[in-house]
Amino acid sequence: MQNMDTSFRLTVNGQQHTVTTDPQRPLLDVLREDLQLTGTKYGCGEGQCRACTVLMNGKSVASCLTPVSETDGRSILTIEGVAEGEKLHPVQEAFLAEGAFQCGYCTSGMILGVIGLLKEKPSATHAEVMSRMQKHLCRCCSYPTILKAIRRAVPGSKKV
């Protein structure tokens with residue numbers, strides 16, 4: 001049996017990494033197992049819950065569905081890379097201020113989903129936020145506080 005592993009270069013949270021692995025291996029597995037970045041969570045393995053959300057070149061992607069081959073030469077941001085030293089990102093601050101988590105399993109995916117939206121649409125409307133975030137599932141049903149946090153982080157998302 002021939003080894004079909006390939007080497008890929010990617011930048012994760014500002015640091016260059018080279019990984020040699022099966023090209024179809026999910027980015028989620030590479031992040032958690034090879035790079036020991038466990039903030040990105042495995043939820044459903046089908047991209048339906050978005051607990052595994054990371055940003056690839058600034059855009060939100062489900063890392064459980066993204067083959068590592070698609071990350072070659074790209075920049076990946078995980079929850080571990082969002083804060084700048086001890087200073088939390090404004091979206092992290094909003095989630096903390098509103099207590100927008102219960103068990104916390106979905107939180108990293110939610111935060112990165114909001115950050116990705118803000119990168120694409122800094123003045124997102126309430127409808128745009130709701131459309132984007134409806135893909136993110138919280139099994140603890142912390143939606144009221146999550147919505148408060150999003151409204152705090154995205155001023156244009158308040159209902160008019």
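The figures here come from the full heavy-atom set of this structure, side chains too, leaving out hydrogens, waters and symmetry mates.
Considering only residues two or more places apart in sequence or on other chains, Glu46 meets the side-chain contact (heavy atoms from CB on, under 4.5 Å) condition with Cys44, Gln48. By the salt bridge (charged side-chain N to carboxylate O under 4.0 Å, His left out) test, Arg25 pairs with Glu33, Asp34, sequence neighbours left out. Every residue two or more places apart in sequence or in another chain was checked for a salt bridge (charged side-chain N to carboxylate O under 4.0 Å, His left out) with Asp22, and none qualifies. Every residue meeting the side-chain contact (heavy atoms from CB on, under 4.5 Å) condition with Gln16, not counting sequence neighbours, appears here in chain and number order: Arg9, Thr11. Residues passing the salt bridge (charged side-chain N to carboxylate O under 4.0 Å, His left out) test with Lys148: none are found, sequence neighbours excluded. Residues that satisfy the salt bridge (charged side-chain N to carboxylate O under 4.0 Å, His left out) test with Glu128, not counting sequence neighbours, are Lys121. Residues satisfying the side chain to side chain donor-acceptor pair (under 3.5 Å) criterion with Thr18, sequence neighbours excluded, are absent altogether. In terms of the side chain to side chain donor-acceptor pair (under 3.5 Å) criterion, Gln102 has no residue partners (sequence neighbours excluded).
Once rounded to the nearest 0.5 Å, the distance linking CZ of Arg151 with CD1 of Ile146 reads 12.0 Å. In this structure, CD1 in Ile150 is found 9.5 Å from OG1 in Thr145, a value given to the nearest 0.5 Å. Note that CG of Leu31 is 7.0 Å distant from CD1 of Ile76, once rounded to the nearest 0.5 Å. One finds the CG atom of Leu77 at 8.0 Å from the CD1 atom of Ile79 (value rounded to the nearest 0.5 Å). Here CG of Leu118 is found 9.5 Å from CZ of Arg132. Values are rounded to the nearest 0.5 Å.
Phe101 and Ser142 get closest at one heavy-atom pair: C-OG, 4.1 Å. Annotation for Cys141 and Pro144: closest pair O-CD, 3.9 Å, computed over non-hydrogen atoms. Between Arg139 and Cys49, the shortest heavy-atom contact is NH2-CB, 4.2 Å. When all heavy atoms of Thr6 and Pro23 are compared, the closest pair comes out as OG1-CG, 3.6 Å.
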Taking distance alone, no hydrogens or angles, what donor-acceptor pairs closer than 3.5 Å link side-chain atoms of residues 58-67 to residues at least two apart or in another chain?
| from | atom 1 | to | atom 2 | distance (Å) |
| --- | --- | --- | --- | --- |
| Ser63 | OG | Cys52 | O | 2.7 |
| Thr66 | OG1 | Ala62 | O | 2.8 |

Throw together a table of side-chain donor-acceptor distances under 3.5 angstrom for residues 104-112, partners on residues two or more places apart or in other chains.
| from | atom 1 | to | atom 2 | distance (Å) |
| --- | --- | --- | --- | --- |
| Tyr105 | OH | Tyr42 | O | 2.5 |
| Thr107 | OG1 | Gly104 | O | 3.3 |
| Ser108 | OG | Gly39 | O | 2.8 |

For a quick test of your reading: what N or O donor-acceptor pairs under 3.5 Å do the side chains of residues 90-100 make, sequence neighbours left out?
| from | atom 1 | to | atom 2 | distance (Å) |
| --- | --- | --- | --- | --- |
| Gln92 | OE1 | His89 | N | 2.9 |
| Glu98 | OE2 | Arg152 | NE | 2.9 |
| Glu98 | OE2 | Arg152 | NH2 | 2.8 |

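In this structure, Lys41 and Leu28 have side chains that are not in contact, with every pair of non-hydrogen atoms separated by 4.5 Å or more. Side-chain contact between Leu117 and Ile115 is absent, with no heavy atoms from C-beta onward closer than 4.5 Å.
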Inset, instruction - Determine, step by step, whether Arg32 and Leu37 satisfy the side-chain contact (heavy atoms from CB on, under 4.5 Å) criterion, reporting the C-alpha distance in whole Å, the side-chain angles of both residues, the deciding distance to 0.1 Å, and the verdict. - result: CA-CA 5 Å; Arg32 292 183 58 81; Leu37 296 171; over 6 Å; no
Inset, instruction - Please lay out, stage by stage, how Tyr143 and Leu137 fare under the test side-chain contact (heavy atoms from CB on, under 4.5 Å). - result: CA-CA 9 Å; Tyr143 295 114; Leu137 300 181; 4.1 Å; yes
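If you chain together hydrophobic residues whose side chains sit under 4.5 Å apart, Leu55 and Val68 never meet in one group.
Screening residues 67-84 for side chain to side chain donor-acceptor pair (under 3.5 Å) gives Asn13-Thr78, Thr78-Glu80 as the qualifying pairs, with residues at least two apart or on separate chains.
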